[in-house]
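Note: hydrogens, waters and symmetry copies are ignored here, and every other heavy atom, side chains too, is used. A note on names: the letters A, B, ... follow the listed sequences, proteins ahead of strands, and every chain is numbered from 1. It should be emphasised that the depicted structure is a prediction, and the values quoted were computed from it without experimental measurement.
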Number of protein chains: 2
Amino acid sequence: MLSKQQLIEYSDDARKNYVNHISIDCVVFGFHEGQMKVLLLKTHNEEKWYLPGGFVLKEEPIDTAANRILQQRTGLDKVFLQQFRVFGDPDRSKVHNDMYADMIPKEQNWFSGRFISIGYYALVDFSGAIPHPDQFSELCAWRDLDDIPELQLDHQKIYQSALDTLRLQLNYQPIGYNLMPKEFTMPELQKLYETILGKKLDRRNFQRRILGFGILTRSEEPRKGGAHKAPYLYSFDLENYQHALTEGFKGGW
Amino acid sequence: MLSKQQLIEYSDDARKNYVNHISIDCVVFGFHEGQMKVLLLKTHNEEKWYLPGGFVLKEEPIDTAANRILQQRTGLDKVFLQQFRVFGDPDRSKVHNDMYADMIPKEQNWFSGRFISIGYYALVDFSGAIPHPDQFSELCAWRDLDDIPELQLDHQKIYQSALDTLRLQLNYQPIGYNLMPKEFTMPELQKLYETILGKKLDRRNFQRRILGFGILTRSEEPRKGGAHKAPYLYSFDLENYQHALTEGFKGGW
DNA sequence: TTATCATAGTGTATTAAGTACACAATTGTA
DNA sequence: TACAATTGTGTACTTAATACACTATGATAA
């Protein structure tokens, strides 16, 4: 056991030696016109884009912090938001540090430290989400999955990890409630899966499988007015959807 | 865009307002005599047990930190170790703060801050792991999954979350290489799965499924000497095992 | 007006995976 | 030498996954 004096020294050492910068970065997915999109920010004095991010307040739960940060930086509110991984390589924030180096005296520069970042991914209904940039950013824009520009820091890695997580979760969790409008057609939902997975699926097998999950309700009336045969409209059965979210689909063992 | 002066103020505010304490906590699973076990620590002046944990050094990758912390606190080295979740409720470290409150003057007490903890889980071969407590702890002991004592802080929650993660991963990843000795029998491996899942499995179906994964090699000679019919010995085919680890088992879509 | 095209809805045969269950072989012990 | 405990193996049944083809509707162009 340590003495009181040893403990005090230990505390002082800790302050000096341990990482003390935590950030949150959000990968925001939206779905529009058959394409999965990611929300990115940009300032005018930087070429590269970056993910909306920020810091956790001292008395704030991290999930609350993630929601607040997303709201402040993009204007998005009340979205599905979930942590998926921590990014903590020492060199991950080097560029970030340089960025502010000429702006703030070094001894005053809180940003010159080494950051550990908690990655969150968000799923939002594109049509209801009108993002707007905050005071730090000039641009706030949706970019197609297959047209992601070069990103700052390790944001490319964070984005890729979020996408991998999403793909894995397709296998044992329902998805779509937070990405689709209230009512949608089966081909539209299939497009969502295809754009996430990056490959084509068979219409008939997709429908059988999705319906087998029991999380969809079919409307009486099909969608009219469009060209071609009128498709049926579906909506999510929220009760079953929530149940599937917590329980997962195929138990495995 | 912000002015230089605004940026400096922003930096000062950040230092004051944002969380700046990060810890790592490890849930170490071991398997011995048909029972899954967790490694716990205890000091003599505290009743509750706790998970081995520590802090990340300023120039250290978090995975390296987790390995170092585990080594320092339990003597375990070169084990399978993986982050699974961040725990960041503001009240999660209250007890921790109180613990040191009478030992270190408040203004000097680095530990009185609010901590965000990265949860890691480890899988270790029990027979090769002889854990020993560090300078802070008095006891370092394996406890059966069904006999976990009361834990400090939110360590009960962290432990439960690690176990849930492990159970989920059974469905799409191989497991066992880090928990079993080099050679083992099929019933022994089945016991591992049963103790993780907390339920009985059918011998014949278990064997068919596990063998179907193609990650096991059967030895020529069965184990002799024991009572009853001599069981075959198996070992993991490392190449296929690694491949399954990265690729996963059943793709789903 | 009607043929055509694009899209939507539905069904069936085949294969693979999961589940339930029974009997034979080996080894130490009563 | 019969028995109990444990291990090895096989088979029928059910469910899920895959591959693939036809019919129906509505707008548009000949």
Side-chain angles (χ1 to χ4, degrees), chain A residues 33-35 167 170-174 180-181 183-195 197 199-235 244 247-253, chain B residues 33-35 167-168 170-174 180 183-195 197 199-235 244 247-253:
Chain A
E33 289 181 351
Q35 249 296 319
R167 283 181 179 162
L170 280 194
N171 290 321
Y172 56 90
Q173 279 192 353
M180 304 295 287
E183 291 200 307
F184 47 89
T185 68
M186 192 59 77
E188 283 165 2
L189 184 61
Q190 184 180 337
K191 258 288 180 193
L192 171 64
Y193 275 76
E194 288 180 339
T195 184
L197 292 167
K199 67 177 178 187
K200 291 271 171 202
L201 301 172
D202 183 280
R203 278 189 314 128
R204 299 152 283 193
N205 296 336
F206 175 80
Q207 170 151 335
R208 177 159 354 132
R209 185 159 169 181
I210 277 284
L211 289 178
F213 293 159
I215 54 170
L216 292 181
T217 315
R218 191 165 91 171
S219 299
E220 302 287 320
E221 294 298 310
R223 172 182 294 171
K224 290 169 185 171
H228 317 301
K229 178 167 182 175
Y232 284 104
L233 286 171
Y234 291 87
S235 58
E247 296 301 312
F249 284 140
K250 34 185 178 183
W253 294 96
Chain B
E33 290 181 350
Q35 250 297 319
R167 283 181 179 163
L168 190 62
L170 280 195
N171 290 322
Y172 56 91
Q173 281 193 351
M180 305 294 287
E183 292 200 307
F184 48 88
T185 67
M186 193 57 77
E188 283 166 0
L189 185 60
Q190 184 180 336
K191 259 284 179 195
L192 172 63
Y193 275 76
E194 288 179 339
T195 184
L197 292 167
K199 68 177 179 188
K200 291 272 170 202
L201 300 172
D202 183 280
R203 279 190 314 128
R204 299 152 284 192
N205 296 336
F206 176 81
Q207 169 150 337
R208 176 161 354 131
R209 186 159 169 182
I210 278 283
L211 289 178
F213 293 159
I215 55 169
L216 292 180
T217 316
R218 192 165 91 170
S219 299
E220 303 286 320
E221 294 299 309
R223 172 181 293 172
K224 290 170 186 169
H228 316 300
K229 179 167 182 175
Y232 284 104
L233 286 171
Y234 292 87
S235 57
E247 295 302 312
F249 283 140
K250 36 183 177 182
W253 294 95

How close or far is atom [atom2] of [N] from atom [atom1] of [X], stated in whole angstroms?
X	N	atom1	atom2	result
A/Trp253	C/dA17	CH2	C1'	12 Å
A/Asp202	D/dA16	CG	P	18 Å
A/Ile210	D/dA17	CD1	P	12 Å
B/Gln207	C/dG18	CD	P	15 Å
B/Phe249	C/dG18	CZ	C1'	16 Å
A/Leu201	D/dA17	CG	C1'	13 Å
A/Arg209	C/dA16	CZ	C1'	14 Å

Between [options], which one does the side chain of [X] approach most closely?
X	options	result
A/Arg203	C/dC21, D/dT6, D/dA21	D/dA21
B/Lys229	D/dA19, C/dG9, D/dT7	D/dT7
B/Pro187	D/dG8, C/dG11, D/dT25	D/dG8
B/His228	D/dT6, C/dT10, D/dG8	D/dT6
B/Arg204	D/dG8, D/dA19, C/dC21	C/dC21

Determine, step by step, whether B/Leu168 and A/Tyr172 satisfy the side chain to side chain contact (heavy atoms under 4.5 Å, CB included) criterion, reporting the C-alpha distance in whole Å, the side-chain angles of both residues, the deciding distance to 0.1 Å, and the verdict.
CA-CA 10 Å; B/Leu168 190 62; A/Tyr172 56 90; 3.6 Å; yes

Taking the cut-offs as 6.0 angstrom to the six-membered ring centre and 45 degrees off its axis, would you call B/Arg209 and A/Trp253 a cation-pi pair?
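Yes, B/Arg209 lies over the aromatic ring of A/Trp253.
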
Once side-chain hydrogen bond (donor to acceptor under 3.5 Å, both in side chains) is applied, do any residues pair with A/Gln35, and if so which ones, sequence neighbours excluded?
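So A/Gln35 forms no side-chain hydrogen bond (donor to acceptor under 3.5 Å, both in side chains) with any residue.
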
Residue list, side-chain hydrogen bond (donor to acceptor under 3.5 Å, both in side chains) with B/Gln207, at least two apart or on another chain
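B/Gln207 satisfies side-chain hydrogen bond (donor to acceptor under 3.5 Å, both in side chains) with no other residue.
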
Side-chain N or O of B/Arg218 versus OP1/OP2 of D/dT9: is the shortest distance under 4.0 Å?
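For B/Arg218, the contact criterion (side-chain N or O under 4.0 Å from OP1 or OP2 of D/dT9) is met.
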
Residue mapping more 5' on DNA chain D - nearest nucleotide basis, B/Tyr232 or A/Arg208
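Nearest nucleotide further toward 5': that of B/Tyr232.
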
Intermediate values then yes/no, side chain to side chain contact (heavy atoms under 4.5 Å, CB included), A/Tyr232 and A/Met186
CA-CA 7 Å; A/Tyr232 284 104; A/Met186 192 59 77; over 6 Å; no

